[in-house]
Amino acid sequence: MRVVSEVSDIHSLSYLHIHPLQYHIAQEALKPGGVLKHTYMEVIVSAAMGELASRSISFLVDRYLKQRAAPTKEERLHSLRRLLLRLHVVVEEADCRLITNQAMLHQLSILKKEMYRGYYTLDFLSCQAHVEERTKDHQANNSFAPSVFNPAKRVCFCRGNNEGAAQAKLLEQVLCSIKDITEDVSEFVMFLCRCPHLHRQPYNMYLLLDKFMFGRQMEMEHVMNFLLQEESAHGAAEDLAVLPIIGQGKVGKSTLIEHACDDERVRSHFFQILCFNGDDLKDASVETLRDRGRIKHQNRGMAGGRTLIIIELFLDIEESVWKRLYLAVRSCIVSGSKIIVASRFDKIASFGTTQPLRLQCLTPEAYWYFFKVRTFGSTSTEDHPKLTAIAMDMARLLNGCFRAAIIYSGLLKANFNHRFWTIALATLRNIRQKNILLYGDHFADVWEFEEPAYLRRANKTSSECLVIFSDYQTCSSETEPEDPEMMSVQDLLFGSVRPRGNFKVHAWTSHLPPHYKYMFHCGVRRPQSMVANMKRLK
(Lines give C-alpha, C1' and ligand atoms only; values in the text may rest on other atoms or scores of the structure.)
Protein backbone atom coordinates (compact mmCIF):
# COMPACT_ATOMS: atom_id res chain seq x y z
CA MET A 1 0.00 0.00 0.00
CA ARG A 2 2.87 2.36 0.77
CA VAL A 3 4.37 1.77 -2.67
CA VAL A 4 1.02 2.49 -4.38
CA SER A 5 0.67 5.70 -2.37
CA GLU A 6 4.13 6.83 -3.38
CA VAL A 7 3.43 6.02 -7.02
CA SER A 8 0.27 8.13 -7.02
CA ASP A 9 2.18 10.95 -5.35
CA ILE A 10 4.85 10.84 -7.99
CA HIS A 11 2.30 10.79 -10.80
CA SER A 12 0.64 13.86 -9.29
CA LEU A 13 4.01 15.57 -9.32
CA SER A 14 4.12 15.25 -13.09
CA TYR A 15 1.45 17.94 -13.35
CA LEU A 16 3.89 20.39 -11.77
CA HIS A 17 6.04 20.29 -14.95
CA ILE A 18 9.04 18.68 -13.16
CA HIS A 19 12.01 17.99 -15.40
CA PRO A 20 11.60 14.65 -17.27
CA LEU A 21 14.89 13.32 -15.90
CA GLN A 22 13.74 13.94 -12.34
CA TYR A 23 10.45 12.21 -13.05
CA HIS A 24 12.28 9.17 -14.56
CA ILE A 25 14.52 8.91 -11.51
CA ALA A 26 11.49 8.95 -9.26
CA GLN A 27 9.84 6.14 -11.24
CA GLU A 28 13.01 4.01 -11.07
CA ALA A 29 13.21 4.55 -7.33
CA LEU A 30 9.75 3.08 -6.81
CA LYS A 31 10.26 -0.06 -8.89
CA PRO A 32 10.67 -3.27 -6.87
CA GLY A 33 14.34 -3.94 -6.49
CA GLY A 34 15.32 -0.48 -7.74
CA VAL A 35 18.97 0.41 -7.27
CA LEU A 36 18.36 4.06 -6.38
CA LYS A 37 18.46 5.03 -2.76
CA HIS A 38 15.78 6.64 -0.64
CA THR A 39 17.62 9.96 -0.76
CA TYR A 40 16.42 10.49 -4.31
CA MET A 41 12.84 10.75 -3.03
CA GLU A 42 13.90 13.61 -0.80
CA VAL A 43 15.41 15.36 -3.82
CA ILE A 44 12.17 14.96 -5.77
CA VAL A 45 10.01 16.23 -2.94
CA SER A 46 12.36 19.17 -2.43
CA ALA A 47 12.19 20.04 -6.14
CA ALA A 48 8.38 19.84 -6.11
CA MET A 49 8.11 22.09 -3.07
CA GLY A 50 10.50 24.57 -4.65
CA GLU A 51 8.41 24.63 -7.82
CA LEU A 52 5.22 25.22 -5.80
CA ALA A 53 6.83 28.01 -3.81
CA SER A 54 8.19 29.65 -6.97
CA ARG A 55 4.78 29.56 -8.67
CA SER A 56 3.01 30.92 -5.59
CA ILE A 57 5.43 33.79 -5.24
CA SER A 58 5.15 34.63 -8.96
CA PHE A 59 1.36 34.61 -8.74
CA LEU A 60 1.33 36.93 -5.71
CA VAL A 61 3.85 39.32 -7.28
CA ASP A 62 1.90 39.50 -10.55
CA ARG A 63 -1.33 40.15 -8.70
CA TYR A 64 0.28 42.89 -6.63
CA LEU A 65 1.77 44.57 -9.68
CA LYS A 66 -1.60 44.48 -11.50
CA GLN A 67 -3.38 46.03 -8.56
CA ARG A 68 -0.74 48.68 -8.24
CA ALA A 69 -0.79 49.41 -12.00
CA ALA A 70 -4.61 49.82 -12.11
CA PRO A 71 -5.38 53.57 -12.02
CA THR A 72 -7.63 54.94 -9.33
CA LYS A 73 -10.96 56.63 -9.99
CA GLU A 74 -9.39 60.08 -9.60
CA GLU A 75 -6.65 59.21 -12.07
CA ARG A 76 -9.27 58.03 -14.57
CA LEU A 77 -11.27 61.22 -14.12
CA HIS A 78 -8.10 63.24 -14.68
CA SER A 79 -7.44 61.30 -17.90
CA LEU A 80 -11.02 61.94 -18.99
CA ARG A 81 -10.61 65.68 -18.38
CA ARG A 82 -7.46 65.79 -20.53
CA LEU A 83 -9.06 63.85 -23.38
CA LEU A 84 -12.18 66.03 -23.26
CA LEU A 85 -10.02 69.15 -23.43
CA ARG A 86 -8.34 67.87 -26.60
CA LEU A 87 -11.69 66.91 -28.10
CA HIS A 88 -13.23 70.24 -27.11
CA VAL A 89 -10.46 72.15 -28.92
CA VAL A 90 -11.15 70.25 -32.15
CA VAL A 91 -14.92 70.65 -31.91
CA GLU A 92 -14.79 74.36 -31.11
CA GLU A 93 -12.39 74.99 -33.98
CA ALA A 94 -14.70 73.04 -36.31
CA ASP A 95 -17.63 75.21 -35.24
CA CYS A 96 -15.66 78.24 -36.39
CA ARG A 97 -15.12 76.77 -39.87
CA LEU A 98 -17.38 76.56 -42.91
CA ILE A 99 -17.63 72.80 -43.50
CA THR A 100 -19.52 71.66 -46.59
CA ASN A 101 -18.19 68.10 -46.87
CA GLN A 102 -20.92 65.73 -45.69
CA ALA A 103 -18.47 63.09 -44.47
CA MET A 104 -16.65 65.66 -42.34
CA LEU A 105 -19.98 66.88 -40.95
CA HIS A 106 -20.89 63.32 -40.05
CA GLN A 107 -17.55 62.80 -38.30
CA LEU A 108 -17.97 66.11 -36.49
CA SER A 109 -21.39 64.94 -35.30
CA ILE A 110 -19.77 61.80 -33.86
CA LEU A 111 -17.08 63.87 -32.14
CA LYS A 112 -19.71 66.12 -30.56
CA LYS A 113 -21.75 63.15 -29.42
CA GLU A 114 -18.75 61.65 -27.64
CA MET A 115 -17.82 65.03 -26.14
CA TYR A 116 -21.33 65.54 -24.74
CA ARG A 117 -21.30 62.01 -23.35
CA GLY A 118 -17.90 62.56 -21.76
CA TYR A 119 -18.87 65.84 -20.08
CA TYR A 120 -22.15 64.34 -18.87
CA THR A 121 -20.27 61.40 -17.31
CA LEU A 122 -17.64 63.68 -15.78
CA ASP A 123 -20.22 66.01 -14.21
CA PHE A 124 -22.34 63.10 -12.99
CA LEU A 125 -19.43 61.28 -11.32
CA SER A 126 -18.10 64.51 -9.82
CA CYS A 127 -21.51 65.18 -8.26
CA GLN A 128 -21.67 61.62 -6.96
CA ALA A 129 -18.22 61.95 -5.40
CA HIS A 130 -19.32 65.14 -3.66
CA VAL A 131 -22.44 63.42 -2.31
CA GLU A 132 -20.38 60.46 -1.06
CA GLU A 133 -17.96 62.77 0.75
CA ARG A 134 -20.84 64.58 2.47
CA THR A 135 -22.37 61.23 3.47
CA LYS A 136 -19.09 60.01 4.96
CA ASP A 137 -18.64 63.23 6.92
CA HIS A 138 -22.21 63.00 8.22
CA GLN A 139 -21.73 59.39 9.33
CA ALA A 140 -18.41 60.18 10.99
CA ASN A 141 -19.94 63.06 12.95
CA ASN A 142 -23.07 61.14 13.94
CA SER A 143 -22.43 59.26 17.19
CA PHE A 144 -25.74 57.38 16.84
CA ALA A 145 -24.95 56.01 13.39
CA PRO A 146 -26.15 52.37 13.02
CA SER A 147 -23.66 49.56 13.10
CA VAL A 148 -22.09 48.20 9.96
CA PHE A 149 -23.44 44.80 10.95
CA ASN A 150 -26.99 46.11 11.05
CA PRO A 151 -28.93 44.18 8.33
CA ALA A 152 -30.67 47.35 7.13
CA LYS A 153 -27.38 49.15 6.72
CA ARG A 154 -25.78 46.09 5.14
CA VAL A 155 -28.29 46.42 2.28
CA CYS A 156 -27.22 50.04 1.80
CA PHE A 157 -23.58 49.02 1.74
CA CYS A 158 -24.24 46.34 -0.87
CA ARG A 159 -26.21 48.78 -2.94
CA GLY A 160 -23.43 51.33 -2.69
CA ASN A 161 -20.87 48.75 -3.79
CA ASN A 162 -22.99 47.80 -6.80
CA GLU A 163 -23.42 51.45 -7.74
CA GLY A 164 -19.68 51.99 -7.37
CA ALA A 165 -18.94 49.06 -9.69
CA ALA A 166 -21.48 50.36 -12.22
CA GLN A 167 -19.94 53.85 -12.12
CA ALA A 168 -16.45 52.41 -12.59
CA LYS A 169 -17.67 50.40 -15.58
CA LEU A 170 -19.36 53.47 -17.08
CA LEU A 171 -16.21 55.55 -16.60
CA GLU A 172 -14.06 52.88 -18.23
CA GLN A 173 -16.41 52.60 -21.24
CA VAL A 174 -16.54 56.35 -21.81
CA LEU A 175 -12.78 56.70 -21.36
CA CYS A 176 -12.01 53.93 -23.88
CA SER A 177 -14.51 55.33 -26.39
CA ILE A 178 -13.04 58.84 -26.25
CA LYS A 179 -9.50 57.45 -26.46
CA ASP A 180 -10.39 55.61 -29.65
CA ILE A 181 -12.05 58.59 -31.27
CA THR A 182 -9.24 61.02 -30.41
CA GLU A 183 -6.68 58.67 -31.95
CA ASP A 184 -8.55 58.82 -35.27
CA VAL A 185 -9.03 62.60 -35.34
CA SER A 186 -5.72 63.57 -36.95
CA GLU A 187 -7.03 63.21 -40.54
CA PHE A 188 -10.12 65.24 -39.63
CA VAL A 189 -7.94 68.06 -38.25
CA MET A 190 -5.83 68.02 -41.41
CA PHE A 191 -8.87 68.53 -43.65
CA LEU A 192 -10.37 70.99 -41.18
CA CYS A 193 -7.42 73.32 -41.61
CA ARG A 194 -8.36 73.71 -45.28
CA CYS A 195 -11.92 74.86 -44.49
CA PRO A 196 -12.41 78.65 -44.48
CA HIS A 197 -13.23 80.53 -41.29
CA LEU A 198 -16.69 81.84 -40.70
CA HIS A 199 -17.21 85.60 -40.79
CA ARG A 200 -18.01 85.87 -37.07
CA GLN A 201 -15.86 83.79 -34.79
CA PRO A 202 -17.08 83.31 -31.23
CA TYR A 203 -14.69 83.74 -28.34
CA ASN A 204 -16.08 80.85 -26.35
CA MET A 205 -18.90 78.32 -26.32
CA TYR A 206 -21.21 80.63 -24.39
CA LEU A 207 -21.15 83.20 -27.19
CA LEU A 208 -21.30 80.44 -29.79
CA LEU A 209 -24.69 79.32 -28.46
CA ASP A 210 -26.06 82.80 -29.16
CA LYS A 211 -24.72 83.01 -32.73
CA PHE A 212 -25.23 79.48 -34.00
CA MET A 213 -27.83 76.81 -33.50
CA PHE A 214 -26.63 74.27 -30.97
CA GLY A 215 -26.33 70.67 -32.13
CA ARG A 216 -27.75 71.27 -35.62
CA GLN A 217 -24.70 71.80 -37.83
CA MET A 218 -25.47 68.88 -40.14
CA GLU A 219 -29.11 69.96 -40.45
CA MET A 220 -28.06 73.56 -41.03
CA GLU A 221 -25.72 72.57 -43.84
CA HIS A 222 -28.50 70.45 -45.36
CA VAL A 223 -30.75 73.53 -45.53
CA MET A 224 -27.95 75.73 -46.89
CA ASN A 225 -27.11 73.25 -49.64
CA PHE A 226 -30.76 73.22 -50.68
CA LEU A 227 -31.09 77.01 -50.71
CA LEU A 228 -27.83 77.81 -52.50
CA GLN A 229 -27.97 75.01 -55.07
CA GLU A 230 -28.30 76.14 -58.67
CA GLU A 231 -31.63 75.74 -60.42
CA SER A 232 -30.34 73.17 -62.88
CA ALA A 233 -29.67 70.77 -60.02
CA HIS A 234 -33.40 70.52 -59.28
CA GLY A 235 -34.62 69.85 -62.78
CA ALA A 236 -36.56 72.02 -65.20
CA ALA A 237 -36.89 75.75 -64.69
CA GLU A 238 -40.65 75.54 -64.12
CA ASP A 239 -40.21 73.04 -61.25
CA LEU A 240 -40.32 74.78 -57.89
CA ALA A 241 -37.95 73.21 -55.35
CA VAL A 242 -39.57 72.32 -52.00
CA LEU A 243 -37.78 71.20 -48.82
CA PRO A 244 -40.00 69.66 -46.10
CA ILE A 245 -38.76 69.96 -42.50
CA ILE A 246 -40.48 67.53 -40.14
CA GLY A 247 -40.26 67.33 -36.36
CA GLN A 248 -42.33 67.35 -33.22
CA GLY A 249 -43.44 70.57 -31.59
CA LYS A 250 -40.76 72.83 -30.07
CA VAL A 251 -37.95 70.66 -31.46
CA GLY A 252 -36.35 73.65 -33.24
CA LYS A 253 -37.83 73.79 -36.76
CA SER A 254 -38.57 77.53 -36.65
CA THR A 255 -35.22 78.28 -35.02
CA LEU A 256 -33.37 76.34 -37.71
CA ILE A 257 -35.19 78.30 -40.42
CA GLU A 258 -34.45 81.60 -38.64
CA HIS A 259 -30.74 80.82 -38.52
CA ALA A 260 -30.72 79.87 -42.21
CA CYS A 261 -32.55 83.05 -43.24
CA ASP A 262 -30.17 85.14 -41.13
CA ASP A 263 -27.15 83.85 -43.07
CA GLU A 264 -25.63 86.47 -45.37
CA ARG A 265 -25.21 83.96 -48.19
CA VAL A 266 -28.97 83.31 -48.22
CA ARG A 267 -29.86 87.00 -47.99
CA SER A 268 -27.64 87.85 -50.94
CA HIS A 269 -28.92 84.89 -52.98
CA PHE A 270 -32.64 85.77 -52.79
CA PHE A 271 -34.38 89.01 -53.61
CA GLN A 272 -36.87 88.58 -50.77
CA ILE A 273 -37.91 86.12 -48.06
CA LEU A 274 -41.64 85.76 -47.37
CA CYS A 275 -43.12 83.95 -44.37
CA PHE A 276 -46.59 82.39 -44.06
CA ASN A 277 -48.34 80.31 -41.43
CA GLY A 278 -51.26 77.92 -41.71
CA ASP A 279 -53.92 80.57 -41.05
CA ASP A 280 -52.67 82.68 -43.98
CA LEU A 281 -53.16 79.88 -46.51
CA LYS A 282 -56.79 78.88 -46.08
CA ASP A 283 -57.85 79.93 -49.56
CA ALA A 284 -54.46 79.19 -51.25
CA SER A 285 -54.68 81.89 -53.91
CA VAL A 286 -52.32 84.30 -55.60
CA GLU A 287 -53.93 87.18 -53.70
CA THR A 288 -53.05 85.40 -50.45
CA LEU A 289 -49.40 85.24 -51.44
CA ARG A 290 -49.35 88.93 -52.33
CA ASP A 291 -51.26 90.33 -49.36
CA ARG A 292 -50.82 88.06 -46.33
CA GLY A 293 -47.16 87.16 -46.48
CA ARG A 294 -44.79 88.76 -44.00
CA ILE A 295 -41.64 90.12 -45.62
CA LYS A 296 -38.78 88.84 -43.54
CA HIS A 297 -36.03 90.24 -45.75
CA GLN A 298 -35.78 92.21 -48.96
CA ASN A 299 -32.60 92.85 -50.87
CA ARG A 300 -32.68 96.53 -51.77
CA GLY A 301 -29.77 96.10 -54.17
CA MET A 302 -31.82 93.88 -56.50
CA ALA A 303 -34.55 95.09 -58.82
CA GLY A 304 -36.20 91.69 -58.57
CA GLY A 305 -35.33 88.05 -58.58
CA ARG A 306 -35.62 84.82 -56.67
CA THR A 307 -37.98 84.52 -53.72
CA LEU A 308 -37.69 82.22 -50.72
CA ILE A 309 -41.06 81.28 -49.24
CA ILE A 310 -41.25 79.91 -45.68
CA ILE A 311 -44.46 78.08 -44.76
CA GLU A 312 -45.01 76.93 -41.17
CA LEU A 313 -47.99 74.61 -40.73
CA PHE A 314 -49.34 74.27 -37.21
CA LEU A 315 -52.23 72.02 -38.27
CA ASP A 316 -52.62 69.33 -40.88
CA ILE A 317 -53.16 70.39 -44.50
CA GLU A 318 -55.05 68.59 -47.22
CA GLU A 319 -53.12 67.50 -50.29
CA SER A 320 -55.58 69.29 -52.59
CA VAL A 321 -54.99 72.57 -50.74
CA TRP A 322 -51.25 72.10 -51.06
CA LYS A 323 -51.48 71.48 -54.81
CA ARG A 324 -53.46 74.70 -55.30
CA LEU A 325 -50.96 76.59 -53.18
CA TYR A 326 -48.02 75.12 -55.08
CA LEU A 327 -49.51 76.12 -58.46
CA ALA A 328 -50.30 79.63 -57.16
CA VAL A 329 -46.72 80.10 -55.96
CA ARG A 330 -45.24 78.81 -59.20
CA SER A 331 -47.34 81.20 -61.26
CA CYS A 332 -46.25 84.39 -59.51
CA ILE A 333 -42.53 83.97 -58.77
CA VAL A 334 -39.47 83.72 -61.00
CA SER A 335 -37.35 80.68 -61.73
CA GLY A 336 -34.93 79.76 -58.99
CA SER A 337 -37.33 80.56 -56.16
CA LYS A 338 -37.72 77.94 -53.44
CA ILE A 339 -40.08 76.84 -50.68
CA ILE A 340 -39.37 75.52 -47.18
CA VAL A 341 -42.40 73.97 -45.50
CA ALA A 342 -42.21 72.97 -41.82
CA SER A 343 -44.69 70.84 -39.91
CA ARG A 344 -44.93 68.18 -37.23
CA PHE A 345 -46.97 65.94 -39.57
CA ASP A 346 -45.19 63.37 -41.69
CA LYS A 347 -47.63 63.90 -44.57
CA ILE A 348 -45.64 66.88 -45.89
CA ALA A 349 -42.79 64.54 -46.87
CA SER A 350 -44.72 63.86 -50.09
CA PHE A 351 -44.86 67.60 -50.85
CA GLY A 352 -41.09 67.90 -51.27
CA THR A 353 -38.99 67.74 -54.41
CA THR A 354 -36.02 66.56 -52.32
CA GLN A 355 -35.51 64.33 -49.31
CA PRO A 356 -37.22 65.74 -46.19
CA LEU A 357 -35.16 66.93 -43.25
CA ARG A 358 -36.26 65.28 -40.01
CA LEU A 359 -35.30 66.96 -36.75
CA GLN A 360 -34.82 64.75 -33.71
CA CYS A 361 -34.65 65.76 -30.06
CA LEU A 362 -31.25 66.16 -28.48
CA THR A 363 -29.83 63.26 -26.50
CA PRO A 364 -29.84 63.72 -22.69
CA GLU A 365 -26.07 64.22 -22.78
CA ALA A 366 -26.25 66.91 -25.46
CA TYR A 367 -29.18 68.62 -23.73
CA TRP A 368 -27.27 68.71 -20.44
CA TYR A 369 -24.29 70.30 -22.19
CA PHE A 370 -26.55 72.93 -23.74
CA PHE A 371 -28.24 73.67 -20.41
CA LYS A 372 -24.93 73.70 -18.52
CA VAL A 373 -23.20 76.13 -20.87
CA ARG A 374 -26.17 78.50 -20.87
CA THR A 375 -26.44 78.34 -17.08
CA PHE A 376 -22.81 78.40 -15.96
CA GLY A 377 -21.31 80.33 -18.86
CA SER A 378 -17.54 80.40 -18.47
CA THR A 379 -17.72 79.22 -14.84
CA SER A 380 -16.40 75.70 -14.27
CA THR A 381 -18.96 73.23 -12.92
CA GLU A 382 -16.24 71.49 -10.90
CA ASP A 383 -15.92 74.60 -8.75
CA HIS A 384 -19.61 74.38 -7.80
CA PRO A 385 -20.52 70.69 -7.24
CA LYS A 386 -23.68 71.52 -5.24
CA LEU A 387 -25.04 73.78 -7.96
CA THR A 388 -24.06 71.26 -10.63
CA ALA A 389 -26.05 68.53 -8.90
CA ILE A 390 -29.12 70.79 -8.75
CA ALA A 391 -28.70 71.79 -12.40
CA MET A 392 -28.46 68.14 -13.51
CA ASP A 393 -31.67 67.29 -11.65
CA MET A 394 -33.38 70.27 -13.24
CA ALA A 395 -32.17 69.34 -16.74
CA ARG A 396 -33.66 65.85 -16.31
CA LEU A 397 -37.01 67.35 -15.26
CA LEU A 398 -37.04 69.72 -18.25
CA ASN A 399 -37.14 66.67 -20.52
CA GLY A 400 -35.20 68.11 -23.47
CA CYS A 401 -37.36 71.21 -23.94
CA PHE A 402 -35.41 74.09 -25.54
CA ARG A 403 -37.87 76.71 -24.35
CA ALA A 404 -37.65 75.52 -20.76
CA ALA A 405 -33.84 75.44 -20.95
CA ILE A 406 -33.73 79.06 -22.11
CA ILE A 407 -36.14 80.18 -19.38
CA TYR A 408 -34.59 78.34 -16.45
CA SER A 409 -30.97 78.89 -17.47
CA GLY A 410 -31.69 82.62 -17.52
CA LEU A 411 -33.24 82.44 -14.04
CA LEU A 412 -30.39 80.40 -12.56
CA LYS A 413 -27.66 82.52 -14.13
CA ALA A 414 -29.23 85.72 -12.81
CA ASN A 415 -29.47 84.23 -9.28
CA PHE A 416 -26.23 82.29 -8.91
CA ASN A 417 -26.66 80.98 -5.36
CA HIS A 418 -27.54 77.68 -3.73
CA ARG A 419 -30.68 78.88 -1.94
CA PHE A 420 -32.40 80.20 -5.08
CA TRP A 421 -31.45 77.12 -7.12
CA THR A 422 -32.86 74.81 -4.44
CA ILE A 423 -36.16 76.74 -4.42
CA ALA A 424 -36.28 76.71 -8.23
CA LEU A 425 -35.80 72.92 -8.31
CA ALA A 426 -38.50 72.35 -5.68
CA THR A 427 -40.87 74.65 -7.60
CA LEU A 428 -40.26 72.80 -10.86
CA ARG A 429 -40.92 69.44 -9.20
CA ASN A 430 -44.15 70.76 -7.70
CA ILE A 431 -45.30 72.06 -11.08
CA ARG A 432 -44.66 68.72 -12.78
CA GLN A 433 -46.40 66.73 -10.06
CA LYS A 434 -49.44 69.01 -10.13
CA ASN A 435 -49.87 68.81 -13.91
CA ILE A 436 -49.20 65.05 -14.04
CA LEU A 437 -51.92 64.65 -11.41
CA LEU A 438 -54.21 66.74 -13.59
CA TYR A 439 -53.40 65.38 -17.07
CA GLY A 440 -51.76 62.01 -16.42
CA ASP A 441 -48.38 60.53 -17.31
CA HIS A 442 -48.56 61.83 -20.89
CA PHE A 443 -47.86 65.35 -19.58
CA ALA A 444 -44.59 66.37 -21.27
CA ASP A 445 -43.56 69.79 -20.03
CA VAL A 446 -45.15 72.81 -18.42
CA TRP A 447 -43.99 75.03 -21.28
CA GLU A 448 -45.55 72.84 -24.00
CA PHE A 449 -49.08 74.19 -24.27
CA GLU A 450 -51.17 71.25 -25.40
CA GLU A 451 -53.41 72.10 -22.42
CA PRO A 452 -53.37 74.97 -19.90
CA ALA A 453 -50.49 74.49 -17.45
CA TYR A 454 -51.00 75.07 -13.71
CA LEU A 455 -48.29 76.67 -11.57
CA ARG A 456 -47.71 77.33 -7.90
CA ARG A 457 -45.45 80.18 -6.87
CA ALA A 458 -42.43 79.58 -4.65
CA ASN A 459 -43.85 81.77 -1.86
CA LYS A 460 -47.29 80.26 -1.32
CA THR A 461 -49.01 83.35 -0.01
CA SER A 462 -52.47 82.22 -1.13
CA SER A 463 -54.39 79.19 -2.31
CA GLU A 464 -54.83 80.66 -5.77
CA CYS A 465 -53.14 78.92 -8.70
CA LEU A 466 -51.56 80.48 -11.78
CA VAL A 467 -52.47 79.17 -15.20
CA ILE A 468 -50.61 79.51 -18.51
CA PHE A 469 -53.23 79.38 -21.25
CA SER A 470 -51.14 79.88 -24.39
CA ASP A 471 -48.02 81.43 -25.85
CA TYR A 472 -47.43 83.86 -28.68
CA GLN A 473 -44.67 85.97 -30.17
CA THR A 474 -44.51 89.62 -31.10
CA CYS A 475 -41.97 92.04 -32.51
CA SER A 476 -40.13 94.21 -30.02
CA SER A 477 -41.67 97.37 -31.47
CA GLU A 478 -45.21 96.05 -31.05
CA THR A 479 -45.08 95.83 -27.26
CA GLU A 480 -44.23 98.89 -25.23
CA PRO A 481 -41.74 98.22 -22.41
CA GLU A 482 -43.73 100.27 -19.89
CA ASP A 483 -46.80 98.03 -20.23
CA PRO A 484 -48.07 97.75 -16.61
CA GLU A 485 -49.51 94.28 -17.25
CA MET A 486 -46.13 92.88 -18.28
CA MET A 487 -44.37 90.43 -15.92
CA SER A 488 -41.18 88.42 -16.20
CA VAL A 489 -40.98 84.68 -15.57
CA GLN A 490 -39.00 85.34 -12.39
CA ASP A 491 -41.78 87.61 -11.14
CA LEU A 492 -44.32 84.97 -12.10
CA LEU A 493 -42.68 82.15 -10.15
CA PHE A 494 -40.71 83.88 -7.40
CA GLY A 495 -42.05 87.44 -7.17
CA SER A 496 -43.90 88.93 -4.21
CA VAL A 497 -46.51 90.85 -6.22
CA ARG A 498 -49.78 88.93 -6.54
CA PRO A 499 -51.18 89.15 -10.07
CA ARG A 500 -54.90 89.62 -10.65
CA GLY A 501 -57.16 88.41 -13.44
CA ASN A 502 -55.52 87.76 -16.78
CA PHE A 503 -52.06 89.12 -17.51
CA LYS A 504 -49.07 88.76 -19.85
CA VAL A 505 -45.64 87.33 -19.04
CA HIS A 506 -42.46 88.04 -20.99
CA ALA A 507 -40.55 84.75 -21.32
CA TRP A 508 -37.51 85.82 -23.35
CA THR A 509 -36.39 87.80 -26.40
CA SER A 510 -34.76 86.21 -29.43
CA HIS A 511 -31.28 87.42 -30.37
CA LEU A 512 -32.05 86.94 -34.08
CA PRO A 513 -33.70 89.69 -36.15
CA PRO A 514 -36.43 90.87 -35.88
CA HIS A 515 -35.86 89.99 -32.19
CA TYR A 516 -39.22 88.50 -31.33
CA LYS A 517 -40.51 88.64 -27.80
CA TYR A 518 -41.99 85.35 -26.64
CA MET A 519 -44.98 85.89 -24.39
CA PHE A 520 -47.33 83.83 -22.21
CA HIS A 521 -51.00 84.53 -21.72
CA CYS A 522 -51.67 83.76 -18.04
CA GLY A 523 -54.40 84.05 -15.46
CA VAL A 524 -55.26 83.39 -11.81
CA ARG A 525 -57.64 80.57 -10.87
CA ARG A 526 -59.07 79.42 -7.58
CA PRO A 527 -58.88 75.77 -6.41
CA GLN A 528 -62.61 75.24 -7.12
CA SER A 529 -62.08 75.92 -10.83
CA MET A 530 -59.13 73.51 -10.86
CA VAL A 531 -61.29 70.73 -9.41
CA ALA A 532 -63.95 71.45 -12.04
CA ASN A 533 -61.34 71.18 -14.80
CA MET A 534 -60.06 67.88 -13.40
CA LYS A 535 -63.58 66.44 -13.43
CA ARG A 536 -64.09 67.67 -17.00
CA LEU A 537 -60.85 66.03 -18.16
CA LYS A 538 -61.71 62.75 -16.49
* Asked: Checking side chain to side chain contact (heavy atoms under 4.5 Å, CB included) for the pair Arg86/Val185: CA distance, chi angles, key distance, verdict?
  -> CA-CA 10 Å; Arg86 293 176 57 189; Val185 80; 5.5 Å; no
Counting N and O atoms only, with roles assigned by atom type, does the side chain of [X] sit under 3.5 Å from a partner on the main chain of [Y], one being a donor and the other an acceptor?
X: Thr427; Y: Ile423; value: yes
X: Thr375; Y: Lys372; value: no
X: Arg267; Y: Cys261; value: yes
X: Arg432; Y: Leu397; value: yes
X: Arg97; Y: Cys195; value: yes
X: Thr388; Y: Thr381; value: yes
X: Thr353; Y: Val242; value: yes
X: Lys338; Y: Gln229; value: yes
X: Lys253; Y: Gly247; value: yes

More than 12 non-hydrogen atoms from neighbouring residues, nucleotides or ligands closer than 6.0 Å to [atom1] on [X], yes or no?
X: Tyr472; atom1: OH; value: yes
X: Lys113; atom1: NZ; value: no
X: Arg81; atom1: CZ; value: yes
X: Gln355; atom1: CD; value: no

Contact between [X] and [Y] at the side-chain level, heavy atoms closer than 4.5 Å - yes or no?
X: Leu412; Y: Phe371; value: yes
X: Leu398; Y: Leu428; value: yes
X: Glu318; Y: Lys323; value: no
X: Val334; Y: Phe271; value: no
X: Gln102; Y: Asn225; value: yes

Where do [X] and [Y] come nearest, in terms of heavy atoms and distance?
X: Ile257; Y: Ala342; result: CD1-CB, 3.9 Å
X: Cys361; Y: Gln248; result: SG-NE2, 3.3 Å
X: Leu108; Y: Phe188; result: CB-CZ, 4.0 Å

So how far is it from [X] [atom1] to [Y] [atom2], rounded to the nearest 0.5 Å?
X: Leu357; Y: Leu256; atom1: CG; atom2: CG; value: 6.5 Å
X: Glu92; Y: Leu87; atom1: CD; atom2: CG; value: 11.5 Å
X: Cys96; Y: Leu98; atom1: SG; atom2: CG; value: 12.0 Å
X: Leu455; Y: Leu493; atom1: CG; atom2: CG; value: 6.0 Å
X: Leu122; Y: Leu83; atom1: CG; atom2: CG; value: 11.0 Å

* Asked: For Arg358, what residues pass the side chain to side chain donor-acceptor pair (under 3.5 Å) criterion, not counting sequence neighbours?
  -> Asp346
* Structure fact -> Hits for side chain to side chain donor-acceptor pair (under 3.5 Å) against Ser254, two or more places apart or cross-chain, chain-then-number order -> Glu312
Does the plane of the ring in [X] sit parallel, tilted or perpendicular to the ring in [Y]? Use 30° and 60° as the thresholds.
X: Trp322; Y: Phe351; result: parallel
X: Tyr367; Y: Phe370; result: tilted
X: Phe376; Y: Trp368; result: perpendicular
X: Phe416; Y: His384; result: perpendicular

* Output yes when Lys296 and Glu258 qualify as a salt bridge under the 4.0 Å nitrogen-oxygen rule, no when they do not. => yes
* Could you please spell out the steps behind the side chain to side chain contact (heavy atoms under 4.5 Å, CB included) verdict for Thr255 and Arg216? => CA-CA 10 Å; Thr255 308; Arg216 302 294 190 195; over 6 Å; no
* For Ile340 and Leu227, run side chain to side chain contact (heavy atoms under 4.5 Å, CB included): C-alpha distance rounded to whole Å, both residues' side-chain angles, the deciding distance at 0.1 Å, then the answer. => CA-CA 9 Å; Ile340 294 179; Leu227 295 178; 3.8 Å; yes
Do any side-chain atoms of residues 174-184 form donor-acceptor pairs under 3.5 angstrom with protein atoms, and if so which ones, sequence neighbours left out?
residue: Ser177; atom: OG; partner: Glu114; partner atom: OE1; Å: 2.9
residue: Ser177; atom: OG; partner: Glu114; partner atom: OE2; Å: 3.4
residue: Thr182; atom: OG1; partner: Ile178; partner atom: O; Å: 2.8
residue: Thr182; atom: OG1; partner: Lys179; partner atom: O; Å: 2.9

* Asked: With a 6.0 Å cut-off on ring centres, are Tyr116 and Phe214 close enough?
  -> yes
* side chain to side chain contact (heavy atoms under 4.5 Å, CB included) assessment of Met487 paired with Phe520 -> CA-CA 10 Å; Met487 293 182 63; Phe520 297 147; over 6 Å; no
